[in-house]
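As structure tokens, the structure follows; a few thoughts come after it.
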Protein chains: 4
Amino acid sequence: MTTTKRKLDHINICLNEGVESSYTGFGDVTFIHNPLPEVHYDEIDMEVNFLGKKLKAPFLIASMTGGHPETYEINKNLAIAVENAGIGMGVGSQRAGIEDESVADTFAVVREHAPNAFIYANIGLPQLIEKGVEYAEKAVEMIDADALAIHLNFLQEIVQPEGDRNAEGGFSIIRDVASELKVPVMIKETGAGIPREIAFSVREAGVKAIDIGGKGGTSWSGVEVYRIADELNRDVARDFWDWGIPTAFSIVDCHDVLPVVATGGIRNGIDAAKAIALGAKIASSALPFLKPAKYSVEDVERKIRYFLDGLKKVLFLTGCTHVYDLHKTKIFVSGLLKEWIEFRELDYLELVRRRFHDF
Amino acid sequence: MTTTKRKLDHINICLNEGVESSYTGFGDVTFIHNPLPEVHYDEIDMEVNFLGKKLKAPFLIASMTGGHPETYEINKNLAIAVENAGIGMGVGSQRAGIEDESVADTFAVVREHAPNAFIYANIGLPQLIEKGVEYAEKAVEMIDADALAIHLNFLQEIVQPEGDRNAEGGFSIIRDVASELKVPVMIKETGAGIPREIAFSVREAGVKAIDIGGKGGTSWSGVEVYRIADELNRDVARDFWDWGIPTAFSIVDCHDVLPVVATGGIRNGIDAAKAIALGAKIASSALPFLKPAKYSVEDVERKIRYFLDGLKKVLFLTGCTHVYDLHKTKIFVSGLLKEWIEFRELDYLELVRRRFHDF
Amino acid sequence: MTTTKRKLDHINICLNEGVESSYTGFGDVTFIHNPLPEVHYDEIDMEVNFLGKKLKAPFLIASMTGGHPETYEINKNLAIAVENAGIGMGVGSQRAGIEDESVADTFAVVREHAPNAFIYANIGLPQLIEKGVEYAEKAVEMIDADALAIHLNFLQEIVQPEGDRNAEGGFSIIRDVASELKVPVMIKETGAGIPREIAFSVREAGVKAIDIGGKGGTSWSGVEVYRIADELNRDVARDFWDWGIPTAFSIVDCHDVLPVVATGGIRNGIDAAKAIALGAKIASSALPFLKPAKYSVEDVERKIRYFLDGLKKVLFLTGCTHVYDLHKTKIFVSGLLKEWIEFRELDYLELVRRRFHDF
Amino acid sequence: MTTTKRKLDHINICLNEGVESSYTGFGDVTFIHNPLPEVHYDEIDMEVNFLGKKLKAPFLIASMTGGHPETYEINKNLAIAVENAGIGMGVGSQRAGIEDESVADTFAVVREHAPNAFIYANIGLPQLIEKGVEYAEKAVEMIDADALAIHLNFLQEIVQPEGDRNAEGGFSIIRDVASELKVPVMIKETGAGIPREIAFSVREAGVKAIDIGGKGGTSWSGVEVYRIADELNRDVARDFWDWGIPTAFSIVDCHDVLPVVATGGIRNGIDAAKAIALGAKIASSALPFLKPAKYSVEDVERKIRYFLDGLKKVLFLTGCTHVYDLHKTKIFVSGLLKEWIEFRELDYLELVRRRFHDF
Ligand SMILES: Cc1cc2nc3c(=O)[nH]c(=O)nc-3n(C[C@H](O)[C@H](O)[C@H](O)COP(=O)(O)O)c2cc1C
Ligand SMILES: Cc1cc2nc3c(=O)[nH]c(=O)nc-3n(C[C@H](O)[C@H](O)[C@H](O)COP(=O)(O)O)c2cc1C
Ligand SMILES: Cc1cc2nc3c(=O)[nH]c(=O)nc-3n(C[C@H](O)[C@H](O)[C@H](O)COP(=O)(O)O)c2cc1C
Ligand SMILES: Cc1cc2nc3c(=O)[nH]c(=O)nc-3n(C[C@H](O)[C@H](O)[C@H](O)COP(=O)(O)O)c2cc1C
């Protein structure tokens with residue numbers, strides 16, 4: 001099976017089947033309502049800088065697609081909406097575009113229609129291990145990217161019968177890319193999360209940000225269950241459906257090590273706000289944007305507004321005038337997430353009992 | 001849409017749809033049964049003073065309505081029952097009555113039929129911010145009120161497309177009203193709760209009591225879901241259905257700062273007793289009284305008796321001779337509520353292991 | 001309604017309706033299996049002494065009935081089975097038998113058919129408050145009892161429209177009865193449990209044992225729900241269905257103050273073993289014996305065997321040669337019961353990490 | 001009923017009925033995903049030594065059958081698959097083969113078809129208590145075993161009406177067998193678990209390994225429920241369905257006392273990995289292999305591959321190059337299992353916060 005055909009399968013499965021895993025950890029986070037917020041809703045400021053670019057709100061549509069003619073429209077719709085909203089987006093893995101120039105336009109269309117937006121390139125670590133720094137450079141050039149996300153998706157690789165099974169040399173190629181590339185490099189999981197230890201080691205390697213891609217949203221072992229023909233392999237893939245570090249756990253783990261982008265089960269503006277309150281710089285979401293992008297620019301725009309409206313309402317109701325005031329707002333953390341924080345020997349009090357904004 | 005029309009919509013939704021949110025926190029509170037209570041049931045005393053008036057029991061029917069001709073009967077039925085029972089009540093937001101004198105009688109009917117009862121006026125903070133102290137004075141005069149409740153309902157405002165979005169100046173207008181009004185001023189949430197920090201700051205401002213209006217009963221974002229035409233706005237409102245500080249959490253937060261009235265999911269006498277045991281001075285309930293008030297005085301009276309009978313039975317079974325002995329009775333607190341108390345750095349032992357009455 | 005008629009109603013409701021409440025606390029107790037018990041099953045000894053009499057096993061059928069001609073057979077069947085098994089039983093409240101001599105035989109039949117068994121008399125505290133020590137003496141004489149249980153059932157009284165509402169003087173009449181009666185006096189709840197504080201105070205009063213009658217089995221507010229005609233009263237009774245101190249909590253509370261008999265939701269031999277492991281001297285059960293007693297002696301005997309077989313198997317599987325070795329056997333306590341132990345400032349370690357038998 | 005007939009009943013019940021109990025404790029264990037594992041999947045090494053033999057992976061098919069002509073094929077299929085996979089297996093209790101030489105071949109077939117595999121003999125402690133060391137020697141000879149498992153199954157014996165009820169002398173016969181036998185001796189539970197105290201005492205007795213046979217998989221009291229004719233006995237057996245120490249608890253208890261084999265509810269490679277991560281040397285499973293073994297060698301081989309593939313994928317995704325690196329990999333332990341570790345006064349930190357491999 002070719003890469004492009006596989007990519008199309010993935011899109012169709014994500015459009016039509018249940019592919020999500022359970023428990024992001026956000027259910028263990030409660031905001032403390034401020035009934036007297038002393039804020040004018042219309043003056044709330046969500047603008048932030050991320051890796052050198054300005055975003056009207058700390059929100060990105062996460063890497064999804066490209067590489068097959070049918071994905072051209074999807075990326076175009078996403079790009080226009082993102083440009084209009086003043087946010088940013090990633091493209092899907094550019095391997096197909098590098099290996100087959102005829103589909104490179106399905107990626108390039110993004111920059112074409114989003115000349116000013118923050119756009120990040122995307123390439124898998126297994127490909128870099130095999131092909132070297134050059135692949136990374138090509139990916140960035142293809143879309144004139146503001147940054148490159150190297151995705152780490154060994155869970156998916158390992159459950160795919162045809163998947164890449166070699167992770168050796170990953171760390172050193174990340175270091176090479178980080179030092180040679182002209183744009184900043186992020187690492188990005190795709191649904192199994194990134195632990196604190198890895199955050200520290202990639203910071204050493206020159207990585208500038210982490211998309212923690214945590215468990216609780218799209219499950220790539222789940223997606224593969226629909227594709228695997230052999231029953232035994234399918235059963236094993238199913239056992240790994242819920243494998244990984246929940247999104248909230250992973251944010252907590254990495255937030256004080258490198259700037260964190262949070263994907264994985266962020267499904268509305270309250271989730272986005274929780275991700276930021278736990279320490280992320282950017283909230284980001286993939287799956288909810290796939291269907292809208294199949295339809296129209298307007299549908300994508302509505303979905304963006306849905307997320308940003310919810311986020312802004314949280315700001316208002318917690319008395320924040322700027323979105324990063326969430327970093328100083330108290331939150332109530334309980335249950336498993338609290339157990340995790342204790343297990344990690346992080347400072348629970350520092351994490352949750354921060355100064356209540358404006359009091 | 002006019003204010004009066006909107007108010008009628010609210011009543012009808014509350015009468016006919018499911019509008020409650022989940023988890024008040026009362027499920028985490030257990031009374032310690034006293035099998036040998038040394039009390040005569042008929043001699044149990046529930047009389048209390050609240051803001052200068054005597055109540056035969058620490059129970060109020062919370063602010064609901066007024067402002068549309070159809071609400072006249074509702075308020076009249078409530079008023080007669082309340083007068084007979086020797087308790088008190090609030091009226092709904094008086095904005096409509098102030099802006100349109102022709103409906104002022106739908107509020108004034110309360111004092112007419114409850115000449116001796118404790119009656120509190122009600123006006124929204126957004127209106128005060130816009131219109132100033134005069135509005136507060138008019139509200140009090142309209143019903144010859146014993147107190148004024150300024151309601152804080154920014155959750156509802158913010159999910160309503162037509163809602164008020166400015167909370168700036170809230171604190172200072174509260175201070176002005178508190179210093180200029182002749183009756184005591186309370187602040188009152190309407191279902192999202194009031195945190196400890198706000199309790200401290202409004203005490204500074206001269207506020208005399210707090211109706212914490214916590215989460216777990218009527219949800220105003222929930223009510224709005226039934227009214228919002230636009231799908232996107234409706235979806236956002238639905239995400240906020242369960243927003244807020246659970247009633248029990250909010251009582252615990254405010255109980256030692258100012259006298260607390262507790263509304264939000266108090267559905268029977270045991271809930272009322274738990275609210276008081278956690279530190280509230282007054283238990284209060286809105287939604288359960290709406291349907292009875294549509295029918296008759298007798299129905300309201302039966303519902304009052306239902307609450308007070310349950311409350312009195314708790315007193316008997318915990319060996320209390322006066323309702324405020326509940327403040328000294330041990331309670332067993334567990335689960336999330338206990339985690340909250342620890343999070344707030346309140347003294348758990350002081351809160352729960354109080355002297356067991358009569359031993 | 002006469003006392004005898006009411007008693008018959010109770011029996012019929014208990015036979016035909018769901019009357020149990022939830023959560024005894026036993027689910028939070030786990031025995032630690034001993035795979036190498038070094039015990040011969042047939043040599044396990046369950047014989048104990050209780051209030052001066054020998055019991056072949058620490059198990060009693062708890063107070064249920066008498067007072068109406070139809071209950072004669074029930075008590076007779078229970079008595080024969082109990083005599084044969086070498087255990088003991090209580091009779092139901094003897095008020096009816098005292099007030100109407102014509103039904104005294106429905107109680108006396110017990111001693112007639114169980115000449116050697118441990119039999120305890122039963123009278124309600126409300127009756128003693130009203131009628132004095134003489135009532136207690138009559139109850140004991142009527143059945144030549146080995147002990148008297150004074151039952152405390154104010155929960156039931158208070159939800160019954162016709163119930164007794166005076167608990168004043170309870171403590172002093174208990175003291176009088178305890179000092180004047182020739183047989184030992186127990187106090188006994190009927191499903192709402194007895195807290196530690198009361199255990200201490202009745203010990204002062206001369207009481208010799210406590211049947212803690214905890215929550216989690218038969219609920220007397222639940223039973224009354226089926227009898228109350230008026231909707232309001234019924235609704236209030238239903239709110240109190242789950243009122244009370246769970247059986248396991250109450251055992252833990254009282255076990256080191258006075259000898260404890262445990263009733264309330266003990267439904268098999270494992271529950272009985274847990275009750276004893278938590279510190280009770282005797283396990284006891286009412287509701288499961290009602291239906292068998294309506295049928296035959298054999299049915300009661302089978303049910304007794306069901307409880308004792310289960311209990312003996314626990315002894316074997318935890319390496320106990322005598323039933324009270326359970327008092328020294330480690331148990332794992334978790335969840336709410338553990339929170340209760342901490343709340344009560346009892347020594348968790350002493351309660352659960354006792355010497356493991358035979359190691 | 002003869003032993004052989006009973007054994008056949010057991011097989012049929014296990015093939016056709018639900019016989020498992022709930023909660024192994026594995027649900028309270030979470031691996032920490034390593035998104036950058038620096039491992040080549042194909043170079044992961046699962047080879048281990050166990051009691052003097054080499055295993056290609058730390059996995060055994062647990063004792064199940066033999067003793068009836070119909071079981072010949074089952075054991076043959078298991079043996080061939082096990083030999084091919086380079087792992088090992090146990091045979092079922094050899095009592096029948098010792099007492100009736102005509103069925104000895106149903107056991108001997110195993111060694112015949114698995115000349116090199118690790119094979120352990122199996123005999124029940126009750127039989128040894130009765131018959132002495134000779135029985136153990138015969139069992140080992142019959143299959144030229146590498147080790148002998150003495151199974152402790154008093155839960156099953158005690159709920160069987162015809163079961164053995166004497167556990168006295170168990171410890172001393174274990175000591176005798178351990179000192180006289182030429183092969184190492186293990187003790188093995190069959191589904192109710194082994195606590196720490198017993199691990200220490202059998203180590204004293206010369207035992208070399210423990211199959212903890214914990215609760216959460218096949219329940220032998222459960223199996224007996226389907227066989228017991230008498231209702232009373234059946235009801236008692238049912239009460240004990242969930243009796244025992246959960247597998248994860250028992251591993252934690254014994255892991256630092258003797259080498260642990262873990263059976264009881266291990267249903268896939270992730271469970272196997274959790275067992276090892278908690279400290280076991282070998283993961284092992286019975287019930288999932290019964291149906292495949294009824295069909296063919298290939299079905300057994302597929303099932304083995306299913307377990308080993310899952311296990312290897314966990315190694316990859318946690319950055320382990322050898323299966324015992326799991327012993328040094330951090331795991332997140334929460335819930336009841338964490339409460340158990342605290343109850344046992346084991347060092348939680350040492351158990352869970354081990355050095356993260358490769359960082
Ligand atoms: C259809 C689809 C395709 C994706 N393709 C990629 C990809 O090529 N590269 C990548 O880094 N992540 C990819 N992802 C992962 C997402 O970027 C994101 O990390 C993950 O889905 C979790 O977020 P979600 O729960 O909001 O979907 C894809 C996700 C989806 C739904
Ligand atoms: C129909 C209805 C109308 C209400 N209107 C007002 C109002 O005008 N002003 C106010 O302060 N609260 C208002 N409330 C809120 C209640 O006073 C109360 O704080 C809240 O409903 C929580 O209590 P509950 O769960 O017992 O209903 C209203 C509640 C209901 C059910
Ligand atoms: C039908 C019935 C009648 C009872 N009558 C009495 C009684 O007269 N006096 C008393 O002390 N307890 C009485 N009880 C309470 C029991 O003795 C026992 O404390 C309670 O039912 C809890 O145990 P259980 O859950 O095993 O039923 C009665 C219980 C039942 C089921
Ligand atoms: C059909 C069957 C027969 C078994 N027979 C024996 C036996 O003879 N001896 C023994 O030690 N264990 C025996 N066991 C127990 C298993 O070895 C194992 O300890 C237990 O079933 C728990 O593992 P599981 O949940 O994977 O089945 C048997 C299990 C099954 C399912």
Side-chain angles (χ1 to χ4, degrees), chain B residues 27-28 30-44 267-274 288 292 298-299 301-321 329-335 337-339 348-349 351-353 355-359, chain C residues 125 150-155 157-159 163-172 174 187-198 200-202 205 210 212-215 221 230-233 235-240 242-246 249-250 253 335-336 338-340 342-345:
Chain B
D28 289 340
T30 311
F31 285 109
I32 298 172
H33 174 69
N34 184 340
L36 202 55
E38 290 290 335
V39 168
H40 195 303
Y41 189 80
D42 300 335
E43 286 162 14
I44 290 171
R267 294 294 173 261
N268 54 50
I270 300 183
D271 288 342
K274 287 179 176 177
E298 290 67 38
D299 282 288
E301 287 181 332
R302 271 186 82 78
K303 188 59 83 180
I304 294 173
R305 215 160 59 236
Y306 167 67
F307 275 87
L308 299 189
D309 268 23
L311 172 55
K312 195 165 172 186
K313 284 176 170 45
V314 172
L315 298 178
F316 182 72
L317 295 173
T318 55
C320 296
T321 49
T329 301
K330 278 180 201 164
I331 47 175
F332 175 47
V333 169
S334 58
L337 178 54
K338 193 180 170 206
E339 287 193 43
Y348 173 67
L349 298 191
L351 265 162
V352 300
R353 286 187 200 144
R355 206 176 55 77
F356 200 69
H357 182 68
D358 258 330
F359 298 107
Chain C
L125 183 63
I150 300 173
H151 71 253
L152 317 177
N153 68 331
F154 287 109
L155 170 59
E157 298 289 346
I158 215 71
V159 301
D164 241 299
R165 294 159 172 260
N166 180 24
E168 275 178 343
F171 181 78
S172 85
I174 289 174
I187 60 163
K188 174 177 185 307
E189 244 291 343
T190 61
I194 292 181
R196 192 162 181 76
E197 293 83 353
I198 294 292
F200 280 118
S201 71
V202 298
I210 297 179
I212 55 86
K215 186 190 80 73
S221 30
D230 175 64
E231 196 187 331
L232 178 102
N233 291 331
D235 286 348
V236 173
R238 191 179 290 110
D239 291 337
F240 284 85
D242 270 320
W243 177 272
I245 306 171
F249 292 25
S250 191
D253 261 32
L336 257 195
K338 193 180 169 207
E339 288 193 45
W340 176 265
E342 287 160 6
F343 164 68
R344 287 309 225 169
E345 298 181 277

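By convention in this document, chain letters (A, B, ...) are assigned in the order of the sequence lines, proteins followed by strands, and residues within each chain are numbered from 1.
Taking the side chain as every heavy atom from C-beta outward, Glu43(B) and Glu168(C) approach each other to under 4.5 Å. Counting heavy atoms from C-beta outward, Pro37(B) and Phe154(C) have side chains that approach closer than 4.5 Å. When side chains are defined from C-beta on, Leu336(C) counts as touching Ser334(B), because their heavy atoms get closer than 4.5 Å. Looking at Trp340(C) and Thr30(B), their side chains never come closer than 4.5 Å, going by heavy atoms from C-beta outward. A 4.5 Å side-chain heavy-atom check between Val236(C) and Asn268(B) finds every atom pair outside the cut-off. Proximity of Leu36(B) to Ile174(C): side-chain heavy atoms (C-beta onward) are separated by under 4.5 Å at one or more points. In this structure, the side chains of Arg305(B) and Asn233(C) stay at 4.5 Å or more apart for every pair of heavy atoms.
At a 4.5 Å heavy-atom cutoff, the contact between Lys338(B) and chain C is made by side-chain atoms alone. Residue Glu339(C) touches chain B through both its backbone and its side chain, counting heavy-atom pairs closer than 4.5 Å. Proximity to chain C (any heavy atom under 4.5 Å) is restricted, for Ile270(B), to the side chain, taken from C-beta onward. For a residue to count as touching a neighbouring chain, one of its non-hydrogen atoms must lie under 4.5 Å from one of that chain's; by this rule Glu231(C) touches chain B with backbone and side chain alike. Heavy-atom distances place the side chain of Phe249(C), and not its backbone, under 4.5 Å from chain B. Contacts between Tyr306(B) and chain C at a heavy-atom distance below 4.5 Å involve backbone atoms as well as side-chain atoms.
Options Ile194(C), Asn153(C), Asn166(C), Leu152(C) differ in how many heavy-atom pairs under 4.5 Å they form with chain B, and the most are formed by Asn166(C).
The two atoms that bring Pro35(B) and Gly193(C) nearest to each other are CG-O, 3.8 Å, heavy atoms only. Of all heavy-atom pairs between Phe240(C) and Gly310(B), the closest is CZ-O, 3.5 Å.
Ring orientation note: the planes of Phe332(B) and Phe343(C) are tilted relative to one another, at an angle of 30° to 60°.
Note on Asp235(C) versus Lys303(B): no salt bridge recorded, every NZ/NE/NH1/NH2 to OD/OE distance being 4.0 Å or above. The pair Glu197(C)-Lys330(B) counts as a salt bridge, with a side-chain nitrogen and a carboxylate oxygen less than 4.0 angstrom apart.
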Task: His33(B)/Lys215(C) under side-chain contact (heavy atoms from CB on, under 4.5 Å): CA gap, chis, key distance, verdict - done: CA-CA 10 Å; His33(B) 174 69; Lys215(C) 186 190 80 73; over 6 Å; no
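Side-chain atoms of Tyr41(B) and Asp164(C) include no donor-acceptor pair closer than 3.5 Å.
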